[in-house]
Amino acid sequence: MLNWLIGVFVNTVLLVAIDGYFDSIRFSGIGAAFIASMILAILNVIVRPILILLTLPVTILTLGLFLFVINAITLKMTAALMGDAFEINGFGTALLASIVLSFFHLLIQKAIIEPLRQK
């Protein structure tokens, strides 16, 4: 449970940062970013494995790079579920945001969270 909350918090911070850098991504506030982060975490548990299984040949053929497309799909689904509180203009923006989100989430996980857990 604590790991899930840490992941949601990290995603919230990253989504707010992405909102600041991309003009075509907009949140109505920090609360909306937190709710979007929770919805994204739920979609990553429920929908993402199904999408990975359905697109396994393409994922293998692209050596895993298609997973960024799946992440973009879940990000767009989150925006669709949130309505006006979270907007992403275009799939290309969602794809770029998913790459940035994945990279910085991995960086924060490896550089900050894992060393703190070892202490």
Side-chain angles (χ1 to χ4, degrees):
M1 180 71 171
L2 183 61
N3 291 336
W4 186 78
L5 286 174
I6 290 171
V8 167
F9 176 74
V10 168
N11 275 343
T12 302
V13 171
L14 290 174
L15 286 173
V16 169
I18 287 172
D19 177 32
Y21 283 106
F22 290 98
D23 292 334
S24 54
I25 296 177
R26 188 191 63 77
F27 285 99
S28 62
I30 293 177
F34 180 72
I35 293 170
S37 181
M38 287 194 314
I39 292 172
L40 187 61
I42 292 168
L43 287 176
N44 280 337
V45 169
I46 297 170
V47 176
R48 190 170 186 264
I50 296 168
L51 289 174
I52 290 172
L53 187 62
L54 291 174
T55 61
L56 192 59
V58 176
T59 304
I60 292 171
L61 188 65
T62 62
L63 302 175
L65 292 177
F66 195 75
L67 292 174
F68 290 121
V69 174
I70 292 173
N71 289 345
I73 291 170
T74 57
L75 198 58
K76 284 290 281 183
M77 288 174 69
T78 302
L81 289 172
M82 293 211 39
D84 291 335
F86 177 29
E87 295 178 2
I88 298 177
N89 298 332
F91 187 76
T93 303
L95 182 62
L96 188 58
S98 74
I99 293 170
V100 170
L101 187 68
S102 298
F103 175 74
F104 282 107
H105 195 353
L106 178 69
L107 186 68
I108 290 171
Q109 187 75 24
K110 294 293 182 187
I112 298 172
I113 295 173
E114 284 185 7
L116 287 176
R117 283 192 187 139
Q118 292 176 356
K119 288 184 180 183

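Only this structure's heavy atoms are used, side chains among them; waters, hydrogens and symmetry mates stay out. Please read all numbers here as calculations on a predicted model, not as lab measurements.
The list of ring pair (Phe, Tyr, Trp, His ring centres under 6.0 Å) pairs with a residue in residues 98-117, not counting sequence neighbours, is empty. Pairs engaging residues 22-31 under the side chain to side chain donor-acceptor pair (under 3.5 Å) rule: S24-T93, R26-E87 [sequence neighbours left out]. Sorted by first and then second residue, the ring pair (Phe, Tyr, Trp, His ring centres under 6.0 Å) pairs with a member in residues 14-60 read F27-F86; sequence neighbours excluded.
Interatomic distance, L75 CG to L15 CG, rounded to the nearest 0.5 Å: 7.0 Å. Rounding to the nearest 0.5 angstrom, the gap separating the CZ atom in R117 from the CD1 atom in I113 is 6.0 Å. Taking CD1 of I6 as the reference point, atom CG of L116 lies at 8.5 Å (rounded to 0.5 Å). The CG atom of L14 lies 12.5 Å from the CG atom of D19; values are rounded to the nearest 0.5 Å. Here CG of L65 is found 8.5 Å from CD1 of I99. Values are rounded to the nearest 0.5 Å.
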Name each donor-acceptor pair under 3.5 Å that joins a side chain in residues 35-63 to protein atoms two or more places apart or in another chain, with its distance.
residue : atom : partner : partner atom : Å
S37     : OG   : V8      : O            : 2.8
N44     : ND2  : L40     : O            : 3.3
R48     : NE   : N71     : OD1          : 2.9
R48     : NH2  : N71     : OD1          : 3.4
T55     : OG1  : L51     : O            : 2.7
T59     : OG1  : T55     : O            : 2.9
T62     : OG1  : V58     : O            : 3.0
T62     : OG1  : T59     : O            : 3.3
T62     : OG1  : F66     : N            : 3.2

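Through direct or indirect side-chain contacts shorter than 4.5 Å among Ile, Leu, Val, Met, Phe, Trp and Tyr, V13 is connected to F9.
Of all heavy-atom pairs spanning A33 and V16, the tightest one is CB-CG2, 3.6 Å.
Residues L95 and I70 share a single hydrophobic cluster, defined by chaining ILVMFWY side chains whose heavy atoms lie under 4.5 Å apart. Connection of L5 to I112 is not established within any shared hydrophobic cluster, with ILVMFWY side chains joined at heavy-atom distances below 4.5 Å, either directly or through further cluster members.
Not a single ring-ring contact (aromatic ring centres under 6.0 Å, His included) links F68 to another residue, sequence neighbours left out. Partners of E114 according to the side-chain contact (heavy atoms from CB on, under 4.5 Å) rule, which considers only residues two or more places apart in sequence or in another chain, are Q109, K110. Partners of D84 according to the side-chain hydrogen bond (donor to acceptor under 3.5 Å, both in side chains) rule, which considers only residues two or more places apart in sequence or in another chain, do not exist here. Taking the side-chain contact (heavy atoms from CB on, under 4.5 Å) definition, one finds that F91 meets it with V69, A72, I73, K76, sequence neighbours left out.
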